[in-house]
Amino acid sequence: MLELVRFFCGFVEFAIYGRFPERFINIVTNNGFPLWGVKKDGDKMYACMYAKDYKRMRKFAKKSSVRLKTQKKCGLPFFLKKNKNRVGVVAGALCFVLVVLFMSNFVWTIDVVGLETVSYTHVMSVLKENGLYVGTFKPRVSFPQIGRNTQLEIDDIGWMSVNVLGTHASVEIKEKSKSPFVEDVSTPANVKAKCDGQIISINTANGEALFSAGSAVVKDQMLVGGVLKDKLGGVKLVRASAEVIAKTTHKETFTLNKNFEQTAFIEGDTSKRVEIFSLCFPYSYAFYDEKNSYIKNETRSACLFDAFLPLRVTTQKVYDKDKKNVMLSEKTANSILKNNALLYECFSLQNCDVSNRDFKIVASKNQYILEATFNTIEDIAYQSDIEASRMVVEEKEKGDKEAK
Amino acid sequence: MKKNNEGNKNALLQAFANLPQLQFSFNKEVVIEGSRGVLFFSEELIRINTTHGRVAFKGRSLDLKCISPQELIISGFITNVEFSM
C-alpha cells in the first residue's frame, strides 16, 4: 500500500556526496521530510524521498555541505511527464483501464459444481432464463435471487448458491437425497400368482399356503392367504409372504415389415464460429433444411490454469437425413428378429431362469413374424394388499344374511 | 493493598513512557521511537542519538529503511547493540 502511494506521488532516488551525509539526513528529517531506503556504498550515500520534497533540498544540502545527485526518478508523475507528448500512448493506457473496468462488470465464465443426476445443459438453460449467462451485466441482476428461482424450477436441487468472484460465476449445487425404500410390513396382504405356471416349491414365511408343489395355478390366483384363524375361531390378518418357484411359459411375437423405410444420417456441411465474450464471429457457414437434418454442436473453450476463458470455438455439424426403401431378405429378417427376441429375454425376463427357448419364423404377405416361446423357472409370488374395510363390510353383510 | 499495586503500576508506566522504545524483529529489523538523529551511518555500524542517550547497532548490510523526525527503522543483520550515555 505504501509503495502504491509512493508510486502515485512520485519519488526520487538520489546520491549524497560529502563529508557529513548524516547531518543532511538529520536536518531533512527534523524538518519533517520523510526519507527511506537509506544505504551507504563507499563514500556515497543513497536515499529516496518524495519528488515534491526533493525540490526543497538545495538549501539543506548547502547547510550540511553535501552535494546531491539524482539517480532515478520513479512514479506516475514522471511517467506522465515523459509521455505527455505521446498522446496516443496515454490515451491507449487510459482506454485500457476504462475497458478493463467496464468489462469487469460482466460475467464471462460460469462453472457448475456438484451435479450428479441433474443435466448440466438443463441447469445452464434454467440459469439463462433467470438471467445468468455469459455476458450478464452484474449490477442489474441479483445472484441470490437467481439461485432461489433456479432451485424452485428444478425440483431435484436441494440447495444451491451462486458465487460471483470477479467475472467468474461459480454455481454450487447439492442435489436432493432420495428417500430410501421402506418395505411395508404392516398392511395385511395375500400372495398371488403373477402368471400361469406349475409350482415346483413353495416356501411360506408368513400366512397360510393354499397350494403344494406340483399344483398348477393361473394368473392372479391366491397362493398364500393373509387371513389366519386361531384356535378360538378369531380372525387375524397378516402380511403373507412366500417364495413360490414355478415352471412358466412366456410367449411373445415380433414382427418386421418386408419393405421398410430406413433412415440414415449423412455428414453434411460444417460451420464454425468464434465467441469472444458474448460476441459471435462466424467464419464458415453451413446451409441445411431444418426438417430433414439434425445438428450437432461441439464447443471448445480456451482454458488457462484450470480457468475457462471467455473464448470459445463452436463447431456445428449438419447431418442430413437420407431415407431409403429397403427390401428385407429372409436371412436378414431372421437375424434381426432373433436379436429382438434375445433382447426381450435379457431385459423382460431378467429375473427368470430360462430353461428352453423356441423360435418359429413365419413369412406372411408383408411381414416376417417370429413367435418366441420361453420356458422358464421363476418366482411367481407377488403381494396383493387386503382391503380391510371391504372385508369388514363383506363380513357384516354375511352376518346379516345369516341372521335373516 | 490493591490501590498500592495500581499506584506502583501507574508510576512504572509513567517512568517508561518517556524512554525511547526499541522494538526488535529478531536481529533483522529494529524500530526505534524517540530518535533524535543519526550520528554515524555505515553498512557495519549505525549510531543513533535518542532522548536518553546513544545506541549503536553493529552488524552487516545495515540500512535505514525509513526515517521520520522521531522514528526510524534499521534493517539488516544486527549482531551487537551498545548503549552509552
Side-chain angles (χ1 to χ4, degrees), chain A residues 1-54 56-57 59-61 63-69 71-72 74-75, chain B residues 16-85:
Chain A
M1 189 65 192
L2 189 65
E3 283 179 10
L4 206 67
V5 172
R6 285 172 184 168
F7 175 79
F8 280 109
C9 292
F11 62 94
V12 179
E13 191 184 322
F14 59 96
I16 310 162
Y17 299 87
R19 287 185 67 190
F20 304 109
E22 290 89 354
R23 199 176 168 209
F24 171 76
I25 290 169
N26 289 335
I27 293 168
V28 168
T29 49
N30 286 337
N31 280 283
F33 300 109
L35 283 171
W36 66 89
V38 183
K39 284 174 194 167
K40 193 156 189 181
D41 184 19
D43 296 339
K44 289 183 242 172
M45 197 182 272
Y46 296 96
C48 297
M49 73 186 325
Y50 287 116
K52 63 177 172 49
D53 298 338
Y54 186 68
R56 300 188 203 169
M57 290 301 114
K59 62 176 179 184
F60 300 125
K63 211 172 176 181
S64 53
S65 310
V66 292
R67 283 188 301 121
L68 305 179
K69 194 177 178 185
Q71 297 290 312
K72 212 159 88 178
C74 310
Chain B
F16 281 122
N18 299 324
L19 290 174
Q21 306 287 315
L22 274 77
Q23 191 183 334
F24 282 87
S25 299
F26 193 54
N27 67 339
K28 306 289 178 202
E29 194 176 275
V30 56
V31 180
I32 304 156
E33 287 177 32
S35 142
R36 278 192 170 174
V38 182
L39 297 174
F40 182 79
F41 178 69
S42 73
E43 280 192 321
E44 287 81 31
L45 174 68
I46 297 176
R47 296 183 74 189
I48 309 292
N49 191 17
T50 67
T51 50
H52 281 68
R54 292 163 193 167
V55 192
F57 297 92
K58 287 180 185 173
R60 297 193 295 273
S61 312
L62 300 177
D63 61 13
L64 292 167
K65 204 173 171 185
C66 188
I67 313 175
S68 67
Q70 288 182 344
E71 287 176 14
L72 60 87
I73 303 170
I74 296 170
S75 66
F77 192 85
I78 301 162
T79 53
N80 200 341
V81 184
E82 280 178 18
F83 296 90
S84 56
M85 302 304 281

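Model, not experiment: these values are computed from the prediction. Per chain, numbering begins at 1; letters A, B, ... match sequence-line order.
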Rounded at 0.5 Å granularity, tell me how far CG in A/Asn30 sits from CD in B/Gln70.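 Answer rounded to 0.5 Å: 9.5 Å.
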
When rounded to the nearest 0.5 angstrom, what is the spacing between CD1 in A/Ile25 and CG in B/Leu64?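 Reported value, rounded in 0.5 Å steps: 6.0 Å.
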
Contact residues of residues 38-53 of chain A (partner chain B; heavy-atom separation under 4.5 angstrom): A/Val38, A/Lys39, A/Lys40, A/Met45

Identify, with sequence neighbours excluded, every residue that meets side-chain hydrogen bond (donor to acceptor under 3.5 Å, both in side chains) alongside B/Asp63. B/Ser75

Can you name the side-chain hydrogen bond (donor to acceptor under 3.5 Å, both in side chains) partners of B/Glu82, sequence neighbours left out?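 If we apply the side-chain hydrogen bond (donor to acceptor under 3.5 Å, both in side chains) test to B/Glu82, skipping adjacent residues, the hits are B/Lys58.
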
Heavy-atom contacts under 4.5 Å, residues 35-47 of chain B to chain A: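 Listed by number, the contacting residues are B/Gly37, B/Val38, B/Leu39, B/Phe40, B/Phe41, B/Ser42, B/Glu43.
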
Return yes when atom NZ of A/Lys63 has more than 12 non-hydrogen atoms of other residues, nucleotides or ligands closer than 6.0 Å, and no otherwise. no

Note: B/Pro69 and A/Thr29 closest approach over all heavy atoms is CG-O, 2.9 Å

